[in-house]
Amino acid sequence: RKEVEQDPGPFNVPEGATVAFNCTYSNSASQSFFWYRQDCRKEPKLLMSVYSSGNEDGRFTAQLNRASQYISLLIRDSKLSDSATYLCVADYGGSQGNLIFGKGTKLSVKP
Amino acid sequence: DAGVTQSPTHLIKTRGQQVTLRCSPISGHKSVSWYQQVLGQGPQFIFQYYEKEERGRGNFPDRFSARQFPNYSSELNVNALLLGDSALYLCASSFGQGYGYTFGSGTRLTVV
């Protein structure tokens, strides 16, 4: 079983649509969670951290449910520029301190 | 402020050769991690260094090694290259756990 699993995608949506990505993680020791965005042939870039209380940054809302080991990302009013691969990430912290990435979900926003 | 810088950006090597990849973290970041990303997959953790000490190692063979220098820059070495080592190698730096990591633009290694 993969440690971080994401919706396989791809998601093809029209401009203005609301799209939701889901992610589950298997290791309850994971301490921090993030969503990264990766454009084609570019490096991943931090989109936002994910907190149990939920957090919002403009059109983006992230949520963490520790009991269900579930993470979500909601994008409202999709823009063409949102087209990218979205990576769900768990940080084990502690002595390992490494990031575990999901395979990513590709989003294509169409005019 | 300069971001995470990696060199070289692209590299072509033949099977059996050795390669050294370099990374300079963001100023003030003491944690450096290395990741391998093959096409269609998320990045896979290789090593993490903090204050010049290895803090984590992923599931990679002993052909992969790394080190961190007093100025917190880092090198990743891969010996006896295989075709399967062809990938984008990413370096990331951070203040520490929980802060999120900033990635460099990567070194694209092709083994022929």
Side-chain angles (χ1 to χ4, degrees), chain A residues 2-10 21 23-27 29-52 55 57 60 62 64 71 73 84-107, chain B residues 3-7 9-10 21 23 25-26 29-51 53-60 64 66 68 86-110:
Chain A
K2 295 287 186 183
E3 295 191 57
V4 175
E5 293 198 67
Q6 298 184 236
D7 287 348
F21 300 141
C23 169
T24 57
Y25 61 96
S26 61
N27 190 333
S30 300
Q31 297 186 16
S32 305
F33 303 89
F34 307 94
W35 283 100
Y36 276 76
R37 170 198 168 123
Q38 188 171 28
D39 293 289
C40 187
R41 301 182 72 81
K42 299 287 189 180
E43 74 274 21
K45 293 187 177 178
L46 180 63
L47 180 64
M48 57 198 306
S49 302
V50 189
Y51 306 115
S52 297
N55 48 307
D57 183 2
F60 299 83
L64 165 65
I71 303 160
L73 176 68
T85 295
Y86 290 82
L87 298 159
C88 177
V89 186
D91 184 351
Y92 287 151
S95 61
Q96 285 191 303
N98 68 85
L99 303 180
I100 305 299
F101 284 80
K103 288 180 66 173
T105 302
K106 187 173 181 180
L107 171 66
Chain B
V4 179
T5 57
Q6 291 187 243
S7 63
T9 55
H10 294 82
L21 311 181
C23 172
I26 290 172
H29 285 191
K30 298 180 180 180
S31 175
V32 171
S33 297
W34 287 94
Y35 293 81
Q36 180 196 67
Q37 187 175 24
V38 299
L39 199 62
Q41 301 291 321
Q44 297 293 310
F45 172 71
I46 309 175
F47 286 108
Q48 191 218 11
Y49 279 79
Y50 182 78
E51 287 279 19
E53 289 188 3
E54 182 183 302
R55 292 298 183 92
R57 174 185 286 254
N59 188 24
F60 280 81
F64 288 76
Q68 186 177 33
S86 296
L88 178 66
Y89 288 84
L90 295 159
C91 173
S93 75
S94 173
F95 281 115
Q97 191 268 331
Y99 284 91
Y101 284 76
T102 301
F103 284 82
S105 55
T107 294
R108 193 164 296 279
L109 173 65
T110 302

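Chain letters run A, B, ... following the sequence lines, proteins first and then strands; every chain starts at 1.
- Between chain B and the residues A:Pro44, A:Cys88, A:Gly104, the largest count of heavy-atom pairs under 4.5 Å involves A:Pro44.
- Ranked by heavy-atom pairs under 4.5 Å with chain B, the first of A:Phe33, A:Phe101, A:Tyr36 is A:Phe101.
- Using a 4.5 Å cut-off on side-chain heavy atoms (C-beta onward), A:Phe34 and A:Ser32 make contact.
- Listed for the B:Gln36 side chain is no donor-acceptor partner under 3.5 Å among the backbone atoms of B:Gln44.
- By the side chain to side chain donor-acceptor pair (under 3.5 Å) test, A:Asn55 is found to be paired with no residue, residues two or more places apart in sequence or in another chain being considered.
- Interface check for chain B: of the options A:Lys42, A:Lys45, A:Glu43, the most heavy-atom pairs under 4.5 Å are formed by A:Glu43.
- Using a 4.5 Å heavy-atom threshold, the side chains of A:Ile71 and A:Trp35 count as touching.
- Of the two parts of A:Gln38, only the side chain, counted from C-beta on, holds a non-hydrogen atom closer than 4.5 Å to a non-hydrogen atom of chain B.
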